[in-house]
Protein chains: 2
Amino acid sequence: MRERPSRLALYTVDAVLVTAMGSELAILLGRNSSDRERWSLPWRIPQTGETLDAAAATTARDALGELPSWMEQIGAFGDGKRHPSEADVSVAYVGLIPHQTASPRDGHTWFPVANPPLLAPRQRAMVDGATKTLQSSLDQAPIAFRLLPATFTLSELQQMYELLLGKRLHKASFRRALQAAWLVEPMDEWRSEGRGRPAQLFRYLPKKKRRPHRGVRFDFLYP
Amino acid sequence: MRERPSRLALYTVDAVLVTAMGSELAILLGRNSSDRERWSLPWRIPQTGETLDAAAATTARDALGELPSWMEQIGAFGDGKRHPSEADVSVAYVGLIPHQTASPRDGHTWFPVANPPLLAPRQRAMVDGATKTLQSSLDQAPIAFRLLPATFTLSELQQMYELLLGKRLHKASFRRALQAAWLVEPMDEWRSEGRGRPAQLFRYLPKKKRRPHRGVRFDFLYP
DNA sequence: TCAATAGTGTCTGTTAGACATTATGGA
DNA sequence: TCCATAATGTCTAACAGACACTATTGA
């Protein structure tokens, strides 16, 4: 059984590890150390001198056995909600796991992000924050690419975007925008998936390009 | 002199308070408590039971005498860099101050954000994070409006956007997009600024509108 | 052959930016 | 009057979405 956290630890680092399973996103949960009936996000009390980013990476590796293909801090959570540790504050990270190749360590399982088991309120907030972070940085960082294997079809890429955005996208528009962005390179491979014409495989290989200049957006509804 | 932080405090809450002074952004700094020759961001050790948001608000009020018109958490900073307190980690917030009406408390002064005095490395990173946060949520939240007084001209609003974005904007396009967003209401007042035709005053009053549906963007250059 | 999916060409309505023009005050 | 700024109308190129069509496989 995991050792009880020291009373001196006033903050933890928690990881929301996300992968795509079929047509939905999944997060990795482990058995709660104090109550084996319940589940919790992987977390860790940083060693002295350990950076936050390093602690998050270690947390992910301890739970998964491998490092996420992409990690980013979500923020600090601590609005009086309960946490498996006795820490006042938890610094949350979101991490992406490319395929579902990784075999979680003992006691860890993937759960659908839309329908997780009961979590401590603060961890519940972190999961919500993770999906929000992924959506909002979807067009600023290669989130979808980091959730896919090294080679993929354009339909798979579009489905990943649709999964992350929670809405359908227009096929021709999607491919036009993708081509203009110089992000993928076609391979000399095709993949046949049941019936229908086989799809060409691509890999993520961003090339130099001019910064897209967009106009101002006023996308907020209310204060 | 400010009391020395307790050795038990493992994290602080720091506030990056931003206002617009003329043609540049400014941040509020106070004298460092241990070395009066140096400057630092306002910060605070949260009381037990105090939420992070509440601690950030209190930090701002203690330094300014008033609450910011908008606050948001930037994230947790702690990559081994030094901080005026002995905390391992600092949770940073950015706050907006509408005009420069507020008179900072003793020992506090506004500094240009582009050219601040020497800061502790971790606080320097928080200031950079603050401008990045403002830029990236500029089209998701009424940042520019919260930096302006209650009534303003459209030129002032555009100049605020240009200041935050660091680039010039097209006047006609800016006003078209603004009108389509139903965010401002014209007043029955005009203001004459030196020569030229007087400008009509507006106030921020967002109205119901349909969510704008945008296509996918691939705005990142490299991994 | 039909069904299903990949991939592309064309059209159209919307929009961002360029440009020009009018409006209205102060010097 | 001239000049500076506000405010707006028109044109054009770019682009997003709709639609239709071709291409290529398995059943």
Side-chain angles (χ1 to χ4, degrees), chain A residues 22-23 138-139 144 148-149 151-163 165-203 209-219, chain B residues 22-23 138-139 144 148-149 151-163 165-203 209-219:
Chain A
S23 63
L138 188 55
D139 51 358
L148 288 170
T151 62
F152 47 84
T153 69
L154 296 190
S155 293
E156 288 171 339
L157 180 62
Q158 180 175 345
Q159 284 162 21
M160 189 63 78
Y161 267 92
E162 290 175 339
L163 182 54
L165 288 169
K167 67 175 181 186
R168 300 297 311 275
L169 295 174
H170 190 266
K171 183 164 75 167
S173 290
F174 181 83
R175 296 184 179 213
R176 253 182 323 214
L178 185 64
Q179 209 156 15
W182 293 95
L183 289 178
V184 297
E185 195 184 55
M187 317 279 292
D188 269 333
E189 278 181 80
W190 281 259
R191 179 194 294 157
S192 210
E193 202 83 59
R195 298 219 275 187
R197 174 174 167 179
Q200 191 167 15
L201 292 179
F202 290 77
R203 62 174 174 149
K209 64 195 173 201
R210 73 195 187 294
R211 265 244 170 260
H213 51 293
R214 350 179 327 194
V216 194
R217 300 269 186 176
F218 302 99
D219 280 356
Chain B
S23 63
L138 188 56
D139 51 357
L148 288 170
T151 62
F152 49 84
T153 69
L154 296 190
S155 293
E156 289 171 340
L157 180 63
Q158 181 176 344
Q159 283 160 23
M160 189 64 77
Y161 268 92
E162 291 175 338
L163 182 53
L165 289 170
K167 68 175 181 186
R168 300 297 310 276
L169 296 174
H170 191 265
K171 183 161 78 164
S173 290
F174 181 83
R175 297 185 177 209
R176 255 185 318 220
L178 185 64
Q179 207 155 19
W182 294 95
L183 289 178
V184 297
E185 196 185 54
M187 317 278 292
D188 270 333
E189 278 180 80
W190 280 259
R191 179 194 294 157
S192 209
E193 203 83 57
R195 300 220 275 186
R197 174 174 169 180
Q200 191 167 15
L201 292 178
F202 291 77
R203 62 175 174 150
K209 64 195 173 204
R210 73 196 186 293
R211 268 240 171 266
H213 51 291
R214 352 178 326 193
V216 193
R217 299 268 187 175
F218 302 99
D219 280 354

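Lettering of chains follows the sequences in order, A, B, ..., and the numbering in each one begins at 1. None of the values given here were measured: they were computed from a predicted structure.
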### Query
Given C:dA6, C:dG17, D:dA16, which nucleotide is nearest the side-chain atoms of A:R175?
C:dA6
#### Entry: Rounded distance in Å - CG (B:L157) to C1' (D:dA6)
15 Å
### Message
Please classify the nucleic acid contact of A:E193 as base, sugar-phosphate, or nothing, using heavy-atom distances under 4.0 Å.
### Response
nothing
## Note on the structure
With B for base contact, S for sugar-phosphate-only contact and - for none (protein heavy atoms under 4.0 Å), nucleotides 19-27 of chain D reads ----BBBBS
### Task
Check side-chain hydrogen bond (donor to acceptor under 3.5 Å, both in side chains) between B:R191 and all other residues, then give those that pass, not counting sequence neighbours.
B:E156
### Results of side-chain hydrogen bond (donor to acceptor under 3.5 Å, both in side chains) for A:S173 - residues two or more places apart only
A:H170, A:R176
#### Entry: Interatomic distance, A:R168 CZ vs D:dA16 P [rounded to whole Å]
18 Å
### Message
Any base atoms under 4.0 Å from B:T153, or only sugar-phosphate, or nothing? Heavy atoms, all strands.
### Response
nothing
### Query
Whole-Å distance between D:dA14 P and A:Q179 CD?
16 Å
### Query
Roughly how many Å is it from CZ in A:F174 to C1' in C:dT8, rounded to a whole number?
16 Å
### Message
Does B:E185 have more than 12 heavy atoms from other residues, nucleotides or ligands lying within 6.0 Å of its CD?
### Response
yes
### Message
From CG of A:L178 over to C1' of C:dA6, roughly how many Å is that when rounded to an integer?
### Response
15 Å
### Task
Write down the distance between NZ (A:K167) and P (D:dA16), rounded to a whole number of angstrom.
12 Å
#### Entry: Length of the line joining B:Q200:CD and D:dA7:P, which is rounded to integer Å
7 Å
### Task
Could you tell me which residues satisfy side-chain hydrogen bond (donor to acceptor under 3.5 Å, both in side chains) with A:R197, sequence neighbours excluded, listed by chain and number?
none
### Set of residues satisfying side-chain contact (heavy atoms from CB on, under 4.5 Å) with respect to A:E162, sequence neighbours excluded
A:Q158, A:Q159, A:R168, A:L169
### Out of D:dA16, C:dG17, C:dG7, whichever nucleotide has its closest atom nearest the side chain of B:R176
C:dG17
### Message
Could you measure the distance from the CG atom of A:L148 to the OH atom of A:Y161? Nearest 0.5 Å is fine.
### Response
9.5 Å
### Message
Distance check needed: D:dT8 P versus B:Q158 CD, whole Å only.
### Response
13 Å
### Sequence-distant partners of B:L163, side-chain contact (heavy atoms from CB on, under 4.5 Å), two or more places apart
B:A20, B:L25, B:M160
